[in-house]
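Down below is the structure, laid out as structure tokens.
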Amino acid sequence: MAHYHLQSFFRVPVGADFVKFTIKTTAPEKLETGLLALCVFTDGVFPLPYNAIDKASQGRLSALVSAGELNKKAGACLLLHGLAGVAAERILLVSLGEFASFGDKAWRDALASVGKALADTLAEDAAIALEEIALPPERDFVWALRHASRIIADHAYRFDAPRAKQDSAKRGARKIAFLLASEPDPAQKEALLHGKAIAEGMALAKDLANLGANVCTPTMLAETALDLGKQFGFDVDVLERADMEKLGMGALLAVARGAAQPPKFIVMHYRGGKKGDKARKNGKTPAHPIVLVGKGVTFDSGGISLKPGAEMDEMKYDMCGAASVIGAVKAIALMDLPLDVIVLVPATENMPGGGASRPGDVVRSMSGQTIEILNTDAEGRLILCDALSYAERFTPDCVIDIATLTGACVVALGRIPSGLLSTDDALAEELTQCGLNSGDRVWRLPLWDDYQELLKSNFADMANIGGRFGGAITGAAFLSRFAKAYKWAHLDIAGTAWLSGDAKGATGRPLPLLGEFLIARAKQREH
Ligand code: BES
Ligand code: MN
Ligand code: ZN
């Protein structure tokens, strides 16, 4: 994990790179391990490893399952200790539900249960048996290995909270074997690496997001990006306030004005595309990279349009877009994907300091278009619009921005999908499919021209808010005015990037979706 320049009382958070994966093809009943997880249907379709264990234990498993001990609900578990005739110390039976109603969701629920159990067991090493028969319809083994690996590694994530007394109890398997019927082919092996790489990107994203805004500042985001560049050998530029002034980023600077922390504009250049490309040799980014933009508001107080106090702590998560694109570069680098990717992170706090922007202020964006700031709490679009203008210099293949942009998106869609808004139907369709494939889903909202009228201002080219209704759409409609030079999609992750309440914490979304998208794009390039 990258070294963070944390205040001294913080320890470096523990991420998913803590787990080690191996592949085994041993006979299931002979596998010596602390815990062996087996996924089974509850209605009599039994995968082979299950049958092997059942036979070795003289029918103990089938007796329990037919007695109904294993709940029919997919993801339900039964943990058995010291099963006679079996080498594994523990057998974890995990329900896939009934064969007839089996699909992606049941499979994901089962794997999540395996992940939870492995993260909580006293066993130091564990194994999960996977095989072709127990796959959802239309899914192949490469898909299963990639997602199993990601889900299991992701569950190993823990935020290492700074407490007076560190928890010394060791729980969670650190060595995890995938028990397969035969040696995997290269694509299957790669799938396991890919899944883990995505989980490592998610772990970084979650660490950054979970840290308080006193620690995770724009400067700290920039240092993390620089560290990643050093670690993996790619260029990172960090633009300072003076650079932003030269570029005319008046909208971004208007948000930064109320904060004591200096703003940073982070540019990461991952050049993994065709080797020997001329531009690359000259240290330049080749034309048509994929550009990812992440909203990096390290704390959103609302500014002068101050937010109410309840749950305001959660506005430390207003940099989850930034965290996800920084995590994405880490995952891309770990996967060594043959892609050119540029990551842009406009990073600032939104604070109500004496120099803060006021409602009614008019500012000029980098594009030249002027904006009347009617509400300083609609700051995400102000920092993103300048980043979208900056993206033009790369002649992008496409630009995807990721932002905790609107509370209205959470009202519209709940916490299941992220909002997707796009001016390009093909890109929107591609992202929708990647969402379904990864389980990290998106739902498209319309972006018709009709909505543009809501942004009308008497004092500038546009206002930064569009009134009471359709807030997720008017937010995106605002951004679309700055994204005309390329194919563009916007992901509103306000409802999906973190959980509240007892389970409060970052989710690492939409990294599974981005991982799927980038892997698919890399595959297209190979052909
Ligand atoms: N970061 C917030 C959006 C947000 C709010 C995300 C709550 C998750 C939970 C964003 O900057 C914001 O304040 N948006 C305003 C926009 C409004 C002023 C037009 C909102 O959603 O209320
Ligand atoms: Mn806000
Ligand atoms: Zn915000």
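Just follow the structure's listing: the first ligand is 1, and inside any ligand the first atom is 1.
- Take the N/O/S atoms of Asp300: the one nearest the Zn ion (ligand 3) is OD2.
- The closest side-chain heavy-atom distance from Val19 to Lys196 is below 4.5 Å.
- With Glu516 as reference, Arg146 is the one residue of Gln433, Arg146, His194 to meet the side-chain hydrogen bond (donor to acceptor under 3.5 Å, both in side chains) rule.
- One option in Cys409, Gly302, Ala378 has a heavy atom closer to atom 17 (C) of ligand 1 than any other, and that option is Ala378.
- No donor-acceptor contact under 3.5 angstrom links the side chains of Glu379 and Ser357, judged on distance only.
- With a 4.0 Å cut-off on non-hydrogen atoms, Leu405 touches ligand 1 through its backbone and not its side chain.
- Sorting the N, O or S atoms of Glu379 by how far they are from the Zn ion (ligand 3) puts OE2 first.
- The ligand atoms of ligand 1 that sit less than 4.0 angstrom from a heavy atom of Glu379 are 11 (O).
- Inspection of the Tyr270 and Asp235 side chains reveals no N or O donor paired with an N or O acceptor under 3.5 Å.
- For Trp498, the closest heavy-atom approach to ligand 1 falls below 4.0 Å.
- Among the atoms of Lys295, an N, O or S atom falls under 2.8 Å of the Zn ion (ligand 3).
- Listed by atom number, the atoms of ligand 1 under 4.0 Å from Lys295 heavy atoms are 1 (N), 10 (C), 11 (O).
- Atoms of ligand 1 found under 4.0 Å from any heavy atom of Asn375, numbered from 1 in the order shown, are 18 (C).
- Judged by distance alone, the side chains of Ser500 and Glu311 never bring a donor and an acceptor atom under 3.5 Å apart.
- Here Asp377 does not reach the Zn ion (ligand 3): none of its N/O/S atoms is less than 2.8 Å from the metal.
- Asp237 and His269 share a side-chain donor-acceptor pair at under 3.5 Å.
- Trp488 and His490 have parallel rings, their planes meeting at less than 30° on a 0 to 90° scale where 60° marks the start of perpendicular.
- For the ligand labelled ligand 1, residue Asn464 lies outside the 4.0 Å heavy-atom shell.
- Just one residue in the list Asp300, Thr298, Thr376 forms a side-chain hydrogen bond (donor to acceptor under 3.5 Å, both in side chains) with Asn350, and that residue is Asp300.
- Side-chain N/O atoms of Asp424 and Tyr486 include no donor and acceptor closer than 3.5 Å.
- The atoms of ligand 1 that sit less than 4.0 Å from any heavy atom of Met315 are 1 (N), 5 (C), 7 (C), 8 (C), 9 (C).
- In this structure, atom 16 (C) of ligand 1 lies nearest to the protein heavy atom Arg381 NH2, 4.0 Å.
- By the 30° and 60° cut-offs, the orientation of the rings of Phe232 relative to Phe234 is parallel.
- In terms of polar-atom proximity, defined here as any N/O pair under 3.5 Å, Lys307 does make such a contact with ligand 1.
- Leu431 approaches Ala489 most closely through the heavy-atom pair CD1-CB, 3.6 Å.
- Those atoms of ligand 1 with a heavy atom of Ile465 less than 4.0 angstrom away are 19 (C).
- Using 4.0 Å as the threshold, Glu314 has no heavy atom nearer than that to any atom of ligand 1.
- The shortest distance between side-chain heavy atoms of Tyr317 and Thr404 does not fall below 4.5 Å.
- Between the OE1 atom of Glu379 and the OD2 atom of Asp300, the angle centred on the Mn ion (ligand 2) amounts to 100° when rounded to 10°.
- Remark: ligand 1 and Asp318 share an N or O pair separated by less than 3.5 Å (distance only, no angle test).
- Nearest non-hydrogen protein atom to atom 4 (C) of ligand 1 is Gly407 N, 3.8 Å.
- The neighbour count for Trp443 CH2, taken as heavy atoms of other residues, nucleotides or ligands under 6.0 Å away, does not exceed 12.
- Residues Thr224 and Leu204 form a side-chain contact, since some pair of their non-hydrogen atoms from C-beta on lies under 4.5 Å apart.
- Distance check on atom 13 (O) of ligand 1: some protein heavy atom falls below the 4.0 Å cut-off.
- Atom OD2 is the N/O/S atom of Asp318 found closest to the Zn ion (ligand 3).
- Counting protein heavy atoms only, atom 2 (C) of ligand 1 is closest to Asp300 OD2, 3.5 Å.
- Close N/O approach between Thr404 and ligand 1 is found [any backbone or side-chain N/O within under 3.5 Å].
- Across every non-hydrogen atom of Arg509 and Arg441, the tightest pair is NH2-O, 3.3 Å.
- Looking at Asp377 against ligand 1, both its backbone and its side chain come within 4.0 Å, counting heavy atoms.
- Those atoms of ligand 1 with a heavy atom of Ala494 less than 4.0 angstrom away are 6 (C), 8 (C).
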